[in-house]
Structure formats: structure tokens, C-alpha cells
Amino acid sequence: MRVAYIRVSTQEQNEARQFAALEPYKIEKYFSEKVSGKNMNREQLKIMLDFVREGDIVYVMDFSRLSRSVGDLLSLLQKFQDKKVHLISLKENFDTTTPTGRLMTVMLSAINEFERANILERQAEGIALAKQKGIYKGRKRIQKPPQWKEIYEAYRTRKMTAGEAMKQLGLKRNTFYTFVKQEKVEV
């Protein structure tokens, strides 16, 4: 069976380019998702790995769609090899069942990992520079909701559980308890 795995990193990105590139290969089953490739915890990737069987061919636009980490990519390649599944990358134009294909896979995944590290480094440098200039202040602080005092008092006097208070205030656990600590300091 001809299977394709398509991935873009964010919800705003579009997979149309990858679908169009894979169209001539008569793909029978597509697995597509919008999630970062920095780790292996991806639902459609897991489903695809469970789905493929011996003799299947998995097509990807390029290896960075599978992983940005050498270790993760090599782990995936081992899983494909164990299941006797072929992997073909269109951009790199090679088949991982050949010795040359396996060598190129390792080299390309190392380059992708290097590229990601450089992106993160440049991002950190940009944020540091913006902080120096006073442009970047970080994430906006969450303000206490208008009904905070009333609900906090009900929580403090045990008329309401923390869970009920969080739900009514629309706050996550960490934020709620941060505000609780602030109240204790102010008293």
C-alpha cells in the first residue's frame, strides 16, 4: 500500500503543497497533522506507524516532516526497517532501503537538527536584544478576575472547593494558587 505522511508545524500553515507534490504517486492513505516536529508525540504519526505493514511504502515530502532530531529519525527508520516498510522522500529523492539512502538520511537529519538549533539560538538572541531595548516584556501577566475577592473568600472559608473556584474564575490551577499565595502575603 502507498501511504503518505504530511505535517506542517502550526495551525496557520497549509498542507496543500505537500498534497499536490504527492498526488502523482497514487497514494492510497494519507496521514496529516499540524504539529511541531520537535518530538515524537504526534497522534497521526503514531497511527500511521501502527497502520503500515510489510511491503508498504511511506512517502514524505522531506525527512524534516518526520523529525528534526537525528535520534528520532533514526528511531523511525529502525521501526520502518523492522516492519519491512519502505520510506521514500521526494525532496531528497532517495529510498531508505538502499545503503546510500540510509547514509543520506543520517546526514540530512543531522543538518535538520543543526538548522533547528540555529533557529532557536537566533530566536533567543532576538528576544535578549528586544529585552535590552525594552521592546519585549515577556508574556502578559494574568489579572485577577473581577469576582476574585468574593470567590476567594468562599474558598478560604471552605464554602467552595479549589476546583469549583477555578472553574468559576476560569483560571488554571497554577494561576489560581499563585493568586492564593499573593492573598496570603498581602494579609
Side-chain angles (χ1 to χ4, degrees), residues 3-19 29-52 58 60-79 109-110 112-187:
V3 174
Y5 177 74
I6 293 174
R7 184 188 63 78
V8 291
S9 297
T10 66
Q11 292 297 319
E12 295 78 29
Q13 292 176 321
N14 190 318
E15 316 101 313
R17 180 180 66 87
Q18 292 178 57
F19 277 107
K29 178 93 172 146
Y30 286 90
F31 295 89
S32 175
E33 57 192 335
K34 294 184 174 189
V35 64
S36 173
K38 68 182 175 183
N39 66 46
M40 298 294 286
N41 190 19
R42 290 177 266 149
E43 184 179 349
Q44 288 299 306
L45 178 64
K46 290 177 182 177
I47 293 170
M48 187 261 306
L49 288 170
D50 286 340
F51 178 82
V52 292
V58 175
V60 292
M61 184 69 183
D62 62 70
F63 286 114
S64 68
R65 301 302 86 208
L66 286 173
S67 178
R68 296 222 177 248
S69 154
V70 174
D72 289 345
L73 185 56
L74 292 175
S75 171
L76 280 172
L77 291 174
Q78 188 61 53
K79 287 177 185 178
S109 60
N112 285 333
E113 188 174 338
F114 175 72
E115 184 178 327
R116 176 147 176 79
N118 280 337
I119 289 169
L120 293 175
E121 187 176 298
R122 287 192 301 270
Q123 181 183 31
E125 289 170 356
I127 290 171
L129 186 61
K131 282 181 178 179
Q132 284 177 348
K133 293 181 178 180
I135 299 169
Y136 181 86
K137 307 275 190 223
R139 199 172 144 191
K140 289 184 180 178
R141 292 220 174 260
I142 297 172
Q143 299 299 314
K144 289 179 184 172
Q147 68 274 33
W148 168 257
K149 289 285 185 192
E150 174 187 323
I151 293 176
Y152 172 72
E153 189 58 29
Y155 162 73
R156 191 183 67 74
T157 57
R158 299 185 192 274
K159 294 177 185 167
M160 181 182 293
T161 67
E164 292 168 338
M166 288 179 236
K167 188 173 183 179
Q168 285 190 22
L169 293 167
L171 296 175
K172 292 188 178 176
R173 182 179 180 85
N174 289 346
T175 305
F176 176 77
Y177 283 111
T178 297
F179 289 160
V180 168
K181 284 180 189 175
Q182 288 173 358
E183 288 292 333
K184 290 178 181 178
V185 170
E186 291 172 8
V187 171

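Between Val180 and Tyr155, some side-chain heavy-atom pair lies under the 4.5 Å cut-off. Here the side chains of Arg173 and Met166 are in contact, with some heavy-atom distance below 4.5 Å. The shortest side-chain heavy-atom distance between Gln168 and Gln147 does not fall under the 4.5 Å cut-off. Counting heavy atoms from C-beta on, the side chains of Leu73 and Leu66 come closer than 4.5 Å. At least one side-chain heavy atom of Lys79 sits less than 4.5 Å from a side-chain heavy atom of Leu49. Under the 4.5 Å side-chain criterion, counting only non-hydrogen atoms from C-beta, Glu33 is not in contact with Ile6. No side-chain heavy atom of Gln44 sits less than 4.5 Å from a side-chain heavy atom of Lys34.
The distance from atom CZ of Phe19 to atom CG of Asn14, rounded to the nearest 0.5 Å, is 9.5 Å. Thr178 OG1 to Ile142 CD1: the interatomic distance, rounded to the nearest 0.5 Å, is 8.5 Å. In this structure, the separation between OG on Ser67 and CG on Leu77 is 9.5 Å, given to the nearest 0.5 Å. Annotation: the span from Glu121 atom CD to Ile119 atom CD1 amounts to 11.5 Å, rounded to 0.5 Å. Annotation: the span from Met40 atom CE to Lys46 atom NZ amounts to 9.0 Å, rounded to 0.5 Å.
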For this session: Carefully, step by step, assess Tyr30 and Tyr5 under the rule ring pair (Phe, Tyr, Trp, His ring centres under 6.0 Å).
Result: CA-CA 6 Å; Tyr30 286 90; Tyr5 177 74; over 10 Å; no

Problem set entry | Derivation of the side chain to side chain contact (heavy atoms under 4.5 Å, CB included) call for Lys38 and Arg68 | CA-CA 6 Å; Lys38 68 182 175 183; Arg68 296 222 177 248; 5.6 Å; no

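With respect to Glu153 and Arg156, a salt bridge is recorded, a charged nitrogen being found less than 4.0 Å from a carboxylate O. Remark: Glu15 does not engage Arg7 in a salt bridge, criterion side-chain N to carboxylate O under 4.0 Å.
Between the side chain of Gln13 and the backbone N or O of Ser9, at least one donor-acceptor pair lies under 3.5 Å. Remark: the backbone N or O of Asn39 is paired with a side-chain donor or acceptor of Arg42 at under 3.5 angstrom. Not a single donor-acceptor pair under 3.5 Å links the side chain of Thr175 to the backbone N or O of Leu171.
Crowding of Phe114 atom CZ: a count of heavy atoms from other residues, nucleotides or ligands under 6.0 Å not exceeding 12. The environment of Glu43 atom CD is sparse: at most 12 non-hydrogen atoms of other residues, nucleotides or ligands sit within 6.0 angstrom.
Ring orientation note: the planes of Trp148 and Phe176 are nearly perpendicular, at an angle over 60° on the 30°/60° scale.
When the salt bridge (charged side-chain N to carboxylate O under 4.0 Å, His left out) test is applied to Glu150, no partner is found at least two apart in sequence or on another chain.
Relative to the six-membered ring of Phe31, Lys29 meets both conditions, a distance below 6.0 Å and an angle of at most 45° to the axis.
Counting all heavy atoms, side chain and backbone alike, Arg65 lies closest to Val8 at NH1-CA, 3.9 Å.
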